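To start, the structure under review is shown below, and the notes come after it.
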Amino acid sequence: MSTTTSEMAVVAPNLESTPITQAAHAPQVEDESMSSEDEMPLKKINGAGAGQKRAGGGGSSSSSGDDKPLSKKPRVSNGGATASRKRRIIASDSDESDAGPSVKKEPVPTPKANGVSKPRSSNAKKVTPPSDSDLSEDERPLAKKKATPNGKATPNGNGGSNGKAKPKAKKPVTSGSESESESSPEESSEDEKPLAKKKVAAKPRKSAGSAVATPAAKKKTTMVKAESDSEVDDVPLAKGKGSKGKTKAEEKKPVVKKEKKVKEEEEDEDKYKWWEQQEAMGNGEVKWTTFEHNAVLFPPPYVPLPKSVKMKYDGVPLTLPPESEEVAGFFGAMIETDHARDAKFRENFFRDFKAVLEQYPPKEDVKVKSLEKCDFKPMFEHFEREKEKKKAMTKDEKKAIKEAKDEMEAPYVFAMVDGRKEKVGNFRAEPPGLFRGRGEHPKKGTLKHRLRPEDIVLNIGKDAPIPKPNIPGEWKGIQHDNTVTWLAYWKENVNGNAKYVFLSAGSSWKGQSDRAKFEKARDLIKHVDKIRKDYTEDLKSKVMADRQRATALYFIDRLALRAGNEKGEDEADTVGCCSLRYEHVTLSPPNKVIFDFLGKDSMRFHQEVEVDHQVFKNIKLFKAEPKKKGDDLFDRLTTTLLNKHLNGMMPGLTAKVFRTYNASWTFQQQLKNTPKNGTVAEKIAAYNTANRDVAILCNHQKTVSKGFEASFAKAGDKIRALKYQRMKLRLQLFSLDPKIKKKKPELAEDESDLDDEFFERHESDLLERALDAAKKKFEKENMKLEEEGQKKKGKPDLDERLKEIKAEFKELKKERKSKKVEPRKGATEEKLLEQIAKMDERIATARVQLEDRDKLKDVALGTSKINYIDPRLTVAWAKKYDVPLEKLFSKTLREKFPWAEAEADAKWVF
DNA sequence: GCCCAGACTTAGTAGAATGGAC
DNA sequence: GTCCATTCTACTAAGTCTGGGC
């Protein structure tokens with residue numbers, strides 16, 4: 001189903017779909033009369049969407065309340081399958097005064113879990129709108145001269161209204177709607193020259209293996225070369241398997257289940273509850289005193305394929321040495337994927353494959369020169385057969401394999417930190433393969449080498465036994481740095497990036513860090529009013545750098561954009577706020593900005609948003625000549641500068657805190673739509689809707705699954721099948737009582753969405769199924785007769801039955817065409833009406849579910865739940881609405897957030 | 001002040017596990 | 001019990017941010 005421009009459900013307080021004129025009364029002044037936080041309108045600016053109805057009615061509510069976070073945002077799925085959606089983030093346009101997005105009502109004090117009331121942002125005071133003089137100041141040109149691309153000043157073009165000197169704007173490059181020709185870049189007192197930051201050149205990274213140890217290690221720790229005769233820790237750190245090791249069969253046995261429960265409870269008691277320990281909450285430069293672990297588990301060595309499985313070159317089967325066969329197999333396993341069809345991926349793979357072939361050539365005297373002539377199909381088919389074999393294994397076989405695997409991995413599953421057992425995250429060394437870079441990554445398809453102990457540096461306690469690698473070799477190095485949390489480190493060969501082994505997400509280190517992150521976001525609540533007020537003022541600053549910073553901050557706050565560090569040439573061309581370029585932003589007067597760029601993971605961010613007039617003006621200024629495609633929009637801003645500024649406003653504040661803050665805040669607001677008296681399912685639906693709103697805000701996308709179209713169409717057919725049944729019920733009713741059409745005219749209406757094509761297809765499906773069922777029944781009956789030693793029925797019996805069925809379906813068709821259906825046996829008007837009502841309910845439910853599926857098809861809910869939404873909100877909500885937490889958090893999430901479960905009660909607020 | 005490495009968080013995806021319909 | 005769709009988990013790529021070196 002293709003989606004064209006569609007209005008997103010409003011999630012955030014500041015977005016709305018109402019025209020700007022309706023939303024005009026920006027929250028300049030707090031509405032002191034506002035009632036409790038729960039009743040507060042989602043303040044600000046735009047409030048109109050589904051969640052923001054409060055702003056709609058009288059309009060006045062739009063200006064107050066809690067618009068702190070910006071919420072909802074429409075998004076476009078990657079690749080343009082979904083058209084851009086409009087979004088407003090402007091507060092007010094009734095005047096030029098920039099009520100700013102940030103003015104808001106003072107939230108009620110937030111009782112913290114520890115019982116101490118946390119002061120919330122104070123904004124009871126009125127915010128004074130900019131005076132006329134401010135405005136006139138603003139209108140004054142910032143710069144008299146325009147800069148040329150080479151940095152030389154040129155006479156500024158001017159024009160525009162009010163006789164102000166404004167530069168002539170170049171024609172919009174990307175959009176016909178953009179009318180920058182009228183633009184008048186105000187002159188900056190200091191610097192109107194675009195500095196045009198250049199893309200960072202490819203980092204001259206050291207190749208993997210060149211470093212002996214991390215600089216930090218060099219500095220802070222004693223680095224010791226691993227010795228071959230180092231003490232071997234033969235005793236597994238883990239006492240047993242993780243819970244994962246338990247089989248389904250075991251779980252089903254009540255006794256085992258009980259034992260398991262007792263064990264879990266005991267383990268639970270054993271667990272380190274760091275959130276109860278005051279000292280554990282400190283900022284802690286020193287992370288550990290003693291640290292033991294078994295490092296990483298290397299994958300098993302390559303096992304050559306059966307001799308009969310060979311790739312072909314130009315039709316000739318090649319006998320490859322294991323080294324080159326393994327690489328061929330990496331590609332062979334992928335030939336049906338998009339990667340293998342991607343030109344860059346193929347190019348990089350083939351370059352590396354050829355290099356390996358140089359060293360390990362095929363036995364046959366064949367020179368592999370073209371990837372097109374390579375036929376990996378025999379390999380692919382072999383892998384498929386292996387998969388099938390694995391799938392076809394018995395339960396016991398699968399169980400035995402799993403047990404063996406668990407046993408082998410057991411020593412690596414846990415580490416000991418200061419005497420406590422902590423789960424390790426990614427203890428398996430990454431196996432070799434082909435680099436699956438995302439988007440247009442220039443290195444995708446490159447061969448990732450097999451890791452050896454010589455590639456890996458360990459970080460471990462001084463007195464801990466040095467683990468022995470599970471394959472021959474010696475560790476690259478050993479260090480004892482207790483200020484970091486990683487267990488092992490290596491540099492991968494493709495990009496020269498560092499890779500680390502850390503403890504799992506459920507460990508105390510990660511938990512503490514997570515909690516601190518959310519506490520910081522909550523701390524921002526106290527500062528956000530001031531920050532918004534400041535950046536709103538700075539939108540008009542005469543200093544170009546400040547004006548750019550304010551504008552970027554406006555986007556980070558309002559649109560939840562990422563900071564946007566600079567990237568190298570050897571990476572995919574993706575951007576964030578500070579690295580936006582000229583071509584990523586298009587203006588559409590009077591106040592719309594269209595963003596279209598690739599963000600993290602090459603996910604497309606495509607939104608049309610209404611912005612504050614001053615922001616619109618600023619973008620026009622930042623895009624003014626001589627800037628051109630390829631130049632930085634914010635040429636005087638870097639993430640470092642931005643974060644330095646933020647840190648000055650609140651210690652520890654960085655750009656990314658806004659995402660956490662806005663996500664959690666939005667979620668909290670949206671949860672207010674939970675139906676208090678609804679069923680658990682309805683409450684969970686409200687929870688998921690709030691979750692979805694946050695995911696949309698953060699632009700968390702997923703690929704629409706391959707089978708979605710078909711599955712969606714099938715579900716649509718299921719609904720039509722229900723309608724078909726409803727139609728038959730109606731027609732029976734009319735036969736029973738022709739007058740009912742007049743008594744209940746709504747029943748006289750035909751079901752929507754049913755046409756002859758569907759009828760034919762559906763009836764033929766039904767017939768097919770009925771015939772199959774009859775055949776199966778016949779066979780079953782015969783088997784039974786045979787078992788009982790009786791004479792089996794013959795084919796004529798079956799044929800007779802099939803003939804009857806066909807006749808029945810013929811009759812059905814006739815009934816449908818004549819619109820006259822004989823009432824079935826026992827049918828009464830009352831019963832039929834009841835059945836129709838039930839059918840209506842089923843149809844409505846199915847339709848809602850279908851719509852929901854469509855809305856969620858490209859939205860990833862997990863990321864925001866895992867990283868951005870304070871888990872205490874979920875815990876509190878579950879308690880408040882009496883919804884079992886396990887319906888909201890999977891096992892791993894509960895393991896990740898035990899501190900939230902302990903801390904939040906039903907009244908907890910963000 | 002810039003550049004870069006280092007350390008850590010955030011992200012989408014593949015494949016396994018689970019669960020519901022038939 | 002099987003099939004199919006959905007959910008969960010593991011994996012690892014791709015970000016952010018800090019701080020050291022020059």
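What you see is a predicted model, and the numbers here were worked out from it, not measured in a lab.
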Tell me, please, which residues at least two apart from R385(A) pass side-chain contact (heavy atoms from CB on, under 4.5 Å).
V309(A), E381(A), H382(A)
Is there side-chain contact between L487(A) and I460(A), with heavy atoms separated by less than 4.5 Å?
no
Go through the structure and list residues passing salt bridge (Lys or Arg N to Asp or Glu O under 4.0 Å) with R549(A), not counting sequence neighbours.
D538(A), D546(A)
Partners of K391(A) by salt bridge (Lys or Arg N to Asp or Glu O under 4.0 Å), sequence neighbours excluded?
none
Please check: side-chain N/O of D455(A) versus main-chain N/O of K476(A), any donor-acceptor pairing under 3.5 Å?
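Here the side-chain-to-backbone pair does not exist.
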Return the polar atom pairs (N/O with N/O) between nucleotides 1-6 of chain C and the protein under 3.5 Å, or none.
from, atom 1, to, atom 2, distance (Å)
dT6(C), OP1, R853(A), NE, 3.0

Just call it for [X]: base, sugar-phosphate, or nothing, with non-hydrogen atoms closer than 4.0 Å on any strand.
X       : value
G564(A) : sugar-phosphate
T640(A) : nothing
G437(A) : sugar-phosphate

Find every protein N or O atom lying less than 3.5 Å from an N or O atom of nucleotides 20-22 of chain B, and list the pairs.
none

Does the pair D573(A)/K567(A) count as a salt bridge with the N-to-O cut at 4.0 Å?
no
Which residues pass the side-chain hydrogen bond (donor to acceptor under 3.5 Å, both in side chains) test with E409(A), not counting sequence neighbours?
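Listed in chain order: R428(A).
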Side-chain donor/acceptor of K510(A) to base of dT9(B), under 3.5 Å:
no
